[in-house]
Amino acid sequence: MSKVIRNIKGTFDILPVNVSSDAAHEDTIWTWQYIEKNIRDILELSGFKEIRTPLLEPTELIARGIGQLTDIVSKEMYAFEREGTHYVLRPEVTAPVMRAYLQHHLAQQGGIQKLYYFGPCFRAERPQKGRYRQFHQFGCELIGTDSVYADVEVIATMMHVYSAFNLPNMKLLINSLGDETSRPRYKEALRSYFSKYESDLTETSKTRLEKNPLRILDTKVEKERVLLESAPKLIDYIDSDSKDQYVQLKGLLTEMGIEYVEDPFLVRGLDYYTKTAFELVSDDLGAQSALGGGGRYDLLSMEVGSKSPVPAVGFASGIERLLIALREAGTEIPEESPMDVFVVGLGEEAQKWSMLMAQKMREAKVKASYDLRGKSMKVQMKEAHRLRSQFVVIVGEDELTSKKAIVKNMETGDQQEVHFNDLVDYFTPSVAAP
Ligand code: AMP
């Protein structure tokens, strides 16, 4: 075979160096690690604990959890069957977390569960900027209470993450979806409203009108957006309990200093939401404007087999979209810490010595490397530069005899001789000290 096999379209490699011409994927693994660490620290500050669930889940969990009529389940699942078992590569993590909560009886631990996750998700979408087939989500799930304070806790935690990155031009959209009786009522109202204009609708919307009229609310077609202006609003169809909670939520968000915009057409693409729904959007993202979103999902547990409802609320965010927004905003990510020491060994004996010295330094927590290939001084110095090493230690035959190495500070160019016995101490505890 003469052609190198390439990755699947809509998926990508995250490399230690930036070689990509694709702006969406030019972030190195260092940037990912930096972002993930910062997010993790913030989520833990609010008392959320990490949960890791498998990438493979039973198809039934996702189909029943998210809803048969959603885009995700009807056309975006990577699903397959093997020896009678139906598998799906998870398209999101909320249903898997609820499965784990129920399966392991986490309710019996007492109190509420505050869980967070990181990891890849898979959706067979048409790839474009901000939309991939394998993408990475982080999110929180707060399980075990219907208190509106839990909704605020989840929204505030999500906002804490994004404000820590100082992203401009963000907008938090909120809405209430009401209880399980509200949505069918609202769907009917939408259906009868749009039926009057059926001839003006696109083919996609005509199908949606029949199957799931809520999806028409996502339309980007100008003519349909005009129709939307006079369409029935969900808030007028929700139960009074949900309405009261929505008012309370808005009051608490204001107390927390969290600005929001009410969006009467925000319904979100997953069927399991009830009551609070929210989305954080950014003007800097283009067509795929949602950084993250979530809501209350008090009915999901019943869908996936619980005998009684387990109230819960959560959010999910895309890491790729956060990275795009950071780049658009020109946010500087601190540079990766460089190599502390590169040991340059000239000749076979010196190479062996370098191997042992690098090992001793690593044991003393000094980040050290040395030449594995037996190259010339020039090539080894080039390698030290490439690794942005702060110091080089140079040893040849003469140094092996005198037991004194040449230590060069790569920033200042200063050089000095240091006895082999003092070398490790020279670079510890702080490499910058000498
Ligand atoms: P959702 O589960 O659809 O509400 O998605 C939650 C978040 O995940 C979105 O706001 C996006 O940031 C991200 N996301 C969803 N689908 C994709 C995708 N195909 N590619 C990249 N990010 C995505």
Side-chain angles (χ1 to χ4, degrees), residues 8-12 14 22-25 27 32 35-36 39 53 57 61-62 65-67 69-78 88-98 116-141 154-155 157-159 161-162 165 167 170-175 177 212 214-215 217-218 263 266-274 276-297 300 312-328:
I8 303 267
K9 209 169 125 196
T11 72
F12 50 93
I14 308 169
D22 173 355
H25 302 140
D27 294 296
W32 280 76
I35 299 280
E36 286 170 1
I39 296 171
T53 60
E57 289 285 356
L61 171 74
I62 302 299
I66 301 180
L69 294 180
T70 58
D71 283 355
I72 296 178
V73 172
S74 63
K75 53 183 191 201
E76 295 172 358
M77 286 205 299
Y78 285 107
V88 63
L89 282 172
R90 68 180 187 193
E92 56 97 64
V93 195
T94 300
V97 169
M98 181 52 87
Y116 76 84
Y117 58 83
F118 272 91
C121 297
F122 307 84
R123 296 183 193 175
E125 307 208 62
R126 197 165 47 80
Q128 53 181 284
K129 182 179 172 192
R131 176 178 278 181
Y132 313 104
R133 289 180 176 164
Q134 176 173 339
F135 58 99
H136 299 77
Q137 281 194 342
F138 69 92
C140 286
E141 312 294 355
V154 164
I155 295 176
T157 303
M158 180 180 83
M159 296 311 289
V161 168
Y162 288 92
F165 289 111
L167 279 182
M170 287 188 307
K171 203 160 56 182
L172 174 67
L173 307 175
I174 61 167
N175 194 17
L177 305 181
N212 189 359
L214 290 177
R215 301 256 48 84
L217 303 179
D218 295 336
D263 179 347
L266 177 72
V267 289
R268 316 238 335 112
L270 303 90
D271 269 357
Y272 52 57
Y273 290 114
T274 46
T276 306
F278 56 90
E279 204 156 84
L280 186 67
V281 295
S282 163
D283 294 341
D284 294 339
L285 284 179
Q288 304 305 320
S289 64
L291 284 163
R296 181 160 275 291
Y297 51 95
L300 172 63
V313 54
F315 79 84
S317 281
I319 300 187
E320 288 82 357
R321 295 206 192 155
L322 170 59
L323 289 168
I324 296 173
L326 286 172
R327 208 168 316 109
E328 293 292 332

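All residue numbers in this chain count up from 1 along the given sequence. Because the structure is predicted, anything quoted here is derived from the model rather than measured. Start at 1 and go down the list; that is how both ligands and their atoms are numbered.
- The shortest N or O to N or O distance between Gly293 and ligand 1 is not below 3.5 Å.
- Distances from ligand 1 to the non-hydrogen atoms of Arg131 include at least one value under 4.0 Å.
- Side-chain atoms of Tyr162 and Ser282 include no donor-acceptor pair closer than 3.5 Å.
- A donor-acceptor pair is defined here as one N or O able to donate and one able to accept, closer than 3.5 Å; no such pair exists between the side chain of Asp284 and the backbone of Glu328.
- For atom 21 (C) of ligand 1, the nearest protein heavy atom (residue, atom name, distance) is Gly130 O, 3.2 Å.
- At a heavy-atom distance under 4.0 Å, only side-chain atoms of Phe135, from C-beta outward, approach ligand 1.
- The main-chain N or O of Gly130 is found under 3.5 Å from a side-chain atom of Arg321 such that the two form a donor-acceptor pair.
- Between Gln137 and Glu92, the side chains place no donor N or O within less than 3.5 Å of an acceptor N or O (distance only, hydrogens not considered).
- Checked by atom type and distance alone, the side chain of Arg123 pairs as donor or acceptor with a backbone atom of Pro91 at under 3.5 Å.
- By the 3.5 Å distance cut-off applied to N or O atoms, Gln137 is counted among the residues near ligand 1.
- Looking at ligand 1, you'll find an N or O of Gly318 within less than 3.5 Å of one of its N or O atoms.
- At a 3.5 angstrom cut-off on N or O pairs, Leu291 counts as close to ligand 1.
- For a threshold of 3.5 Å applied to N or O pairs, the pair formed by Ser317 and ligand 1 contains no separation below that value.
- Of the polar atoms of Glu92, none of the N or O atoms is found under 3.5 Å from an N or O of ligand 1, judged by distance alone.
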Checklist entry - Where do Thr53 and Arg90 land on the side chain to side chain contact (heavy atoms under 4.5 Å, CB included) test, with the steps shown first? => result CA-CA 10 Å; Thr53 60; Arg90 68 180 187 193; 3.3 Å; yes
